[in-house]
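Order of the sequence lines sets the chain letters (A, B, ...), proteins ahead of strands, with each chain counted from 1.
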Amino acid sequence: MNYHKIDGQLFLQMVLEGAKNLNQHVKDVDALNVFPVPDGDTGTNMNLSLTSGVNELKKKNSNHLGKNADALAKGLLMGARGNSGVILSQLFRGFSKYVNSLAEIDSMQFAEALKQGVDTAYKAVMKPVEGTILTVSREAAEEGLRVAKKEKDILTVMEAVLEKGRLSLAKTPELLPILKEVGVVDAGGQGLLYIYEGFLAVLKGETVSTIDFAESQVKSQSEEVTFEHLPVQAQISTEDIEFGYCTEFIISLKEEIVNTQSFNETDFRENISKYGDSLLVIADDEIVKVHIHTEQPGTVLNLAMEFGSLHKIKIDNMREQHSHILLEENGNNEIDAQEVEVIGQPQPYGIIAVGLGDGVSEIFKS
Amino acid sequence: MNPSTEDIVNAINEINAEKIIILPNNSNIILAAEQAQSLIELPIAVIPSKTIPQGISSLLAFDPSASLEENKEAMTSALKNVKTGQVTYAVRDSKIDNIEINEGDIIGIADGKIVTTSKSILETSYDLLIEMIDEDSEILTVIYGEDVTSEQVEELENKLLDKFPDIEIELHNGGQPLYYFIFGIE
């Protein structure tokens, strides 16, 4: 297939395929972490970051490239986890700034947008380290610019970008001695190339991702652990709390639901999202963890009870009490979510300490 | 997995304070914290703490009557007051700094560097501390995780009391996953 333009729909296809390809290689990317420690999870972090971007993109999907890129960038920015996730979000933030007002772009604009992404990412990092995702993205984008000067076919440009990216990735151990010593290439750079591979596959016409297809992809991943985000809430207000009760509980699913695996996480989330915000739903085969800020905790609990018995119910009046909120909970034995804990310090100071484990939180509070 | 930028933004919004200090306590969370900082129009200081002991040490330098800039400086400089040791297991074979590591080995990490490995939690912990404690060390903070038993904690404590009679040992039940022990040495 020859593409001389990328519009919002082609961009959507490329991103969906990129996300799918990254999702399939999460473990491979995790295995590239330099230290063989159990919480080395670059792949997991990048995958969850991109998933957050994809969710936002699907919600706002249009034919306008600039709008789609903007939605992706916003979702990525808020969902960014880990250093590679943050850098990935900055790459697409720069990309989206460049294409912002453009309904579609040609090969040169595509290459320029990639390059602007790289410039933005470099600026976001205080001390850029070479031999990382930064180097891979930069060298790939520079090659894209070189090729785009004489090439109108976007497929050819993307091929050059990916090929140069692979060469650059292979050379990361020369730039970062620790990689060489351990015998790996940079994990973040590898994650980025999985996304680029997805881009290329769509341009080649090798695969067609429909929006439904992507839905099932996100679902299959949710068996591991999923954090879904509500639409990005950029507005910040500390005074008016619309939803006053921080409500958390665990549903132990009824046997017939477990046996038939009939719990639909997406429907459930949509259903209870009507009653508040800051919704977090984490489901596995047998239990569902729920966190929501709502004005009607009773209604939410009643709704949840249709699916099974409730445990560890905790309802805090946030108008009274701002001091202690657990934003994230570990929903899975394999991957341990880290908690962001707000620890009580009298105003005007607030201190946020990130930690793993209840006891660690206690130490910070004491 | 690490918290997202949005998680940190939410925490900042929940806390309802005029000035915010963030202790990421993990080198892989610092950037996300800085990204959250750039999204919010409040005075925020991100203290680049890479470990839990660094976070604790930094928090001790907090002065509620000082300005945000003063606190940032004092809390950042306090990061240097503590050495961090971590004990966990290897998820694959590797070789770092000439140390052969096999999957499942218990590894001891001193300030981000793997320095010792063995098949036993206690042996690695003990070796790690021998490596890290020197004559300037005064206080050892031991934060034990959810996967160690009270017998293991006691055994380690007794061994340490024998070996380092002059050091004050503080024990905390951290309940953290994956890391059997986290040590802070001041």
Task: Residues which pass side chain to side chain donor-acceptor pair (under 3.5 Å) with A:S137, listed by chain and number, not counting sequence neighbours - done: none
Task: Test side chain to side chain donor-acceptor pair (under 3.5 Å) applied to B:T51 - qualifying residues, sequence neighbours left out - done: B:T84
Go through the atoms of [X] and report whether side chain, backbone, both or neither lie under 4.5 Å from a heavy atom of chain A.
X: B:S27; answer: backbone
X: B:E34; answer: side chain
X: B:I107; answer: side chain
X: B:L68; answer: both
X: B:N71; answer: side chain
X: B:Y179; answer: side chain

- [ ] Sort by residue number and list every member of residues 111-135 of chain B having a non-hydrogen atom under 4.5 Å from chain A.
- [x] B:G112, B:K113, B:I114
Name the region of [X], side chain, backbone, both or neither, that has any atom closer than 4.5 Å to a heavy atom of chain B.
X: A:T42; answer: neither
X: A:L77; answer: both
X: A:N83; answer: both

Open item on the list: Is it the case that the side chain of B:Q176 and the backbone of B:I143 share a donor-acceptor pair, with hydrogens and angles ignored and the cut-off at 3.5 Å?
Closed with: yes
Open item on the list: Walk me through whether A:D119 and A:K123 qualify under salt bridge (charged side-chain N to carboxylate O under 4.0 Å, His left out).
Closed with: CA-CA 6 Å; A:D119 293 344; A:K123 268 182 228 142; 6.0 Å; no
Using a 3.5 Å cut-off and no angle test, enumerate the donor-acceptor pairs between side-chain atoms of residues 154-173 of chain B and protein atoms at least two apart in sequence or in another chain.
residue : atom : partner : partner atom : Å
B:N158  : ND2  : B:E154  : O            : 3.4
B:N173  : OD1  : B:G175  : N            : 3.2

Task: Nearest non-hydrogen partners of B:L42 and B:I12, listed with the distance - done: CD1-CG2, 4.1 Å
Task: Partner chain B: residue of A:V125, A:V34, A:I87 with the largest heavy-atom pair count (under 4.5 Å) - done: A:V34
TODO: Taking only Lys NZ, Arg NE, NH1 and NH2, and the carboxylate oxygens of Asp or Glu, determine whether B:E69 and B:K72 approach each other closer than 4.0 Å.
DONE: no
Open item on the list: Whether the B:S137 and B:E186 side chains hold a donor-acceptor pair (N or O, under 3.5 Å, no angle test) is what I'd like checked.
Closed with: no
Open item on the list: Is it the case that the side chains of A:S52 and A:N55 hold a donor-acceptor pair, with the cut-off being a distance below 3.5 Å and no angle test?
Closed with: no
Open item on the list: Does the plane of the ring in B:Y180 sit parallel, tilted or perpendicular to the ring in B:Y89? Use 30° and 60° as the thresholds.
Closed with: tilted
- [ ] Kindly determine whether A:T132 and A:D186 satisfy side chain to side chain donor-acceptor pair (under 3.5 Å), including the steps that lead there.
- [x] CA-CA 6 Å; A:T132 64; A:D186 177 64; 5.2 Å; no
